[in-house]
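What follows is a short report on a single structure.
All values derive from a computational prediction rather than experimental measurement. To find a chain, count down the sequence lines: A is the first, B the second, and so on, and within it residues start at 1.
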Amino acid sequence: MSIDKDRSDLIMENSVAIIYVSKISNLLSNIKDSVENNQIKALVVVFDSDELNTDEIFNSQELDKYLLSLPILSVALLKNKINFSTLELAIKFNIRLASDDARVNLIDDVSKYESDLKDEMDLLIGKEKYISNYSSLMEQSANIVRLYNIGLINRIISSKEIGKEIENYLTKLLGSRDINQINSIITCFNTYRHYGLNCDRQVLLQEEAKQFCALVARVCKLRS
Amino acid sequence: MKIGLNKIYFEEKDDIGYIILNDPPGNQMTSVLINEFIDIYNKFVLKSKVKGIIIAGKGRHFSSGANVDQLKDSIISQTVEGSDNYLLSYPVWFIENRNAFNSLVSLKIPVIAAVNGFCIGSGLELALASHIRVCGEGSVIGFPEATFGLLPGATGTLRSIETMGFGKALELVLNGEFITPEEGVNTGLFHKCTSKKATLSYCEGLMKFIISNVKQYSKEDAIFYIKEFDHIYNS
């Protein structure tokens with residue numbers, strides 16, 4: 001799998017679409033078309049800018065809304081510098097991968113996010129880990145390994161073989177899964193993200209039941 | 001008091017109530033076992049005066065999960081689809097099963113799962129409904145549903161997010177692979193891994209410790225109870 005920026009703005013390979021974050025606002029409509037035509041199972045967005053101005057590139061709320069509506073796996077690939085602006089966008093994705101040479105600098109803006117952090121972090125890290133002071137996780141010594149250990153980053157990949165590592169990761173994760181199955185699982189998980197873990201549990205679980213029964217119906221229909 | 005059905009029983013011993021999946025070797029979550037679980041839970045467990053509940057499987061395994069073909073047949077015969085694959089209704093037992101698991105999570109008394117051997121699929125969903133989850137060495141843990149075209153359907157997706165976090169839970173559900181007890185503990189899915197033979201006795205000790213020492217139980221404090229108990233247990 002190639003993630004060579006010079007090759008194209010939008011790379012489509014093996015049911016995976018890859019775009020660079022700097023091109024994101026121009027390309028998302030193309031992605032949506034491909035999703036609707038069942039052509040892709042995953043979207044990988046590469047964060048490689050040293051200075052990322054989220055206001056200029058893409059509003060994080062717009063991105064959030066877009067990603068929540070996307071029934072395919074969304075992956076943020078973090079390269080170079082990871083600051084709060086990068087992280088603010090990256091946590092909207094289902095999965096975060098980081099290259100082993102990525103540098104973390106979160107300390108600058110921590111106070112800005114402290115009040116919003118808890119609900120988002122409960123979801124990303126796990127409500128039952130009962131971490132009371134999330135801002136302490138973002139202290140000066142934060143590095144890729146720390147973000148991985150607390151669960152904010154799913155996997156650290158070698159900067160020397162990024163394309164191959166992403167391909168292996170996605171193959172292992174999605175395997176030969178049917179596009180409808182991926183859509184159901186992602187829709188279920190995105191519903192939890194949309195409502196948050198403090199929402200009535202029956203409302204959240206309704207979505208799981210709905211997707212489960214719909215999948216069973218689909219699998220049985222295909223068999224007959 | 002012991003209430004025994006065909007595939008499950010509920011027994012009160014002192015202050016502890018034991019829900020035992022009793023269909024060895026696999027304690028498979030057949031429709032009979034699920035219906036009996038719902039029955040025993042609603043009619044006896046909820047009305048019991050015990051101060052804590054331990055859930056375990058009889059024999060070597062906690063549970064090898066659902067009988068998939070039976071599950072599919074049962075779902076498909078009772079699911080009503082409208083136009084554009086829109087789901088109009090799904091089976092009552094399915095909702096009752098979800099509600100029973102969800103109710104366990106919300107109980108005000110401690111609920112501990114003592115897991116050994118296979119704990120997969122809906123077996124893992126039942127374990128995850130417990131507040132404290134302890135597994136024995138060599139346990140096999142996971143959601144294989146994805147490998148046969150499905151997803152966990154009885155609270156497993158939500159509980160895995162609450163315990164492991166969104167990304168890790170999504171990986172577990174999507175790839176359908178099994179994980180080791182050590183990985184289970186590292187990710188937050190389980191609280192503790194013990195030797196295979198000691199799992200149930202450890203859970204009983206922990207339960208007695210909580211019942212005797214904790215004035216106001218809160219499942220949010222599970223890891224602190226374990227730390228305190230381990231301190232005593234190991235000294």
N/O donor-acceptor pairs under 3.5 Å from side chains in residues 104-115 of chain B, not counting sequence neighbours:
| unit_1 | atom_1 | unit_2 | atom_2 | d |
| --- | --- | --- | --- | --- |
| B:S106 | OG | B:N102 | O | 3.2 |

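- Counting only distance, with no hydrogens or angles, the side chain of B:E171 and the backbone of A:L173 share no donor-acceptor pair below 3.5 Å.
- Within a 6.0 Å sphere centred on NZ of A:K172, other residues, nucleotides and ligands contribute 12 heavy atoms or fewer.
- One finds the CG atom of A:L152 at 10.5 Å from the NZ atom of B:K168 (value rounded to the nearest 0.5 Å).
- Both the backbone and the side chain of B:A169 come within contact range of chain A, each with at least one heavy atom under 4.5 Å from a heavy atom of that chain.
- Heavy atoms only, all atoms of each residue included: A:C188 and B:T157 are closest at SG-OG1, 3.8 Å.
- No donor-acceptor contact under 3.5 angstrom links the side chains of B:E162 and A:Y192, judged on distance only.
- Contact detail for B:P152 and A:F212: the closest heavy-atom pair is C-CD1, 4.2 Å.
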Between B:I161 and A:K127, does the side chain to side chain contact (heavy atoms under 4.5 Å, CB included) criterion hold? Intermediate values first, please. CA-CA 8 Å; B:I161 292 177; A:K127 199 178 175 181; over 6 Å; no
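- For B:E177, the part lying under 4.5 angstrom from a heavy atom of chain A is the side chain only.
- Here the shortest heavy-atom pairing between A:E208 and B:A154 reads OE1-N, 3.4 Å.
- Applying the 6.0 Å contact sphere to OH of A:Y195 captures no more than 12 heavy atoms from other residues, nucleotides or ligands.
- Heavy atoms of other residues, nucleotides or ligands lying less than 6.0 angstrom from CZ of B:F209 number more than 12.
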Test B:R159 against A:E128 for side chain to side chain contact (heavy atoms under 4.5 Å, CB included), laying out the working first. CA-CA 9 Å; B:R159 285 298 291 151; A:E128 289 202 0; 2.7 Å; yes
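- Interatomic distance, CG of B:L150 versus CD1 of A:I185, reported as 8.5 Å (0.5 Å rounding).
- Using a 4.5 Å heavy-atom threshold, the side chains of A:R201 and B:R98 count as separate.
- Each of A:I95, A:N149, A:L73, A:N94 has some count of heavy-atom pairs under 4.5 Å with chain B, and the biggest count is that of A:N94.
- Ring orientation note: the planes of B:F166 and A:F189 are nearly perpendicular, at an angle over 60° on the 30°/60° scale.
- One distance of note links CG of B:L174 with NZ of A:K41; it measures 10.5 Å at 0.5 Å rounding.
- If you tally non-hydrogen atom pairs under 4.5 Å between each of A:L215, A:L205, A:I186 and chain B, the highest count goes to A:L205.
- Considering only heavy-atom pairs separated by less than 4.5 Å from chain A, the leading option among B:L158, B:T163, B:I95, B:I75 is B:L158.
- Interface residue A:Q206: backbone and side-chain heavy atoms are both found under 4.5 Å from chain B.
- Residues of residues 179-190 of chain B lying under 4.5 angstrom from chain A, judged on non-hydrogen atoms, are B:T187, B:G188 by number.
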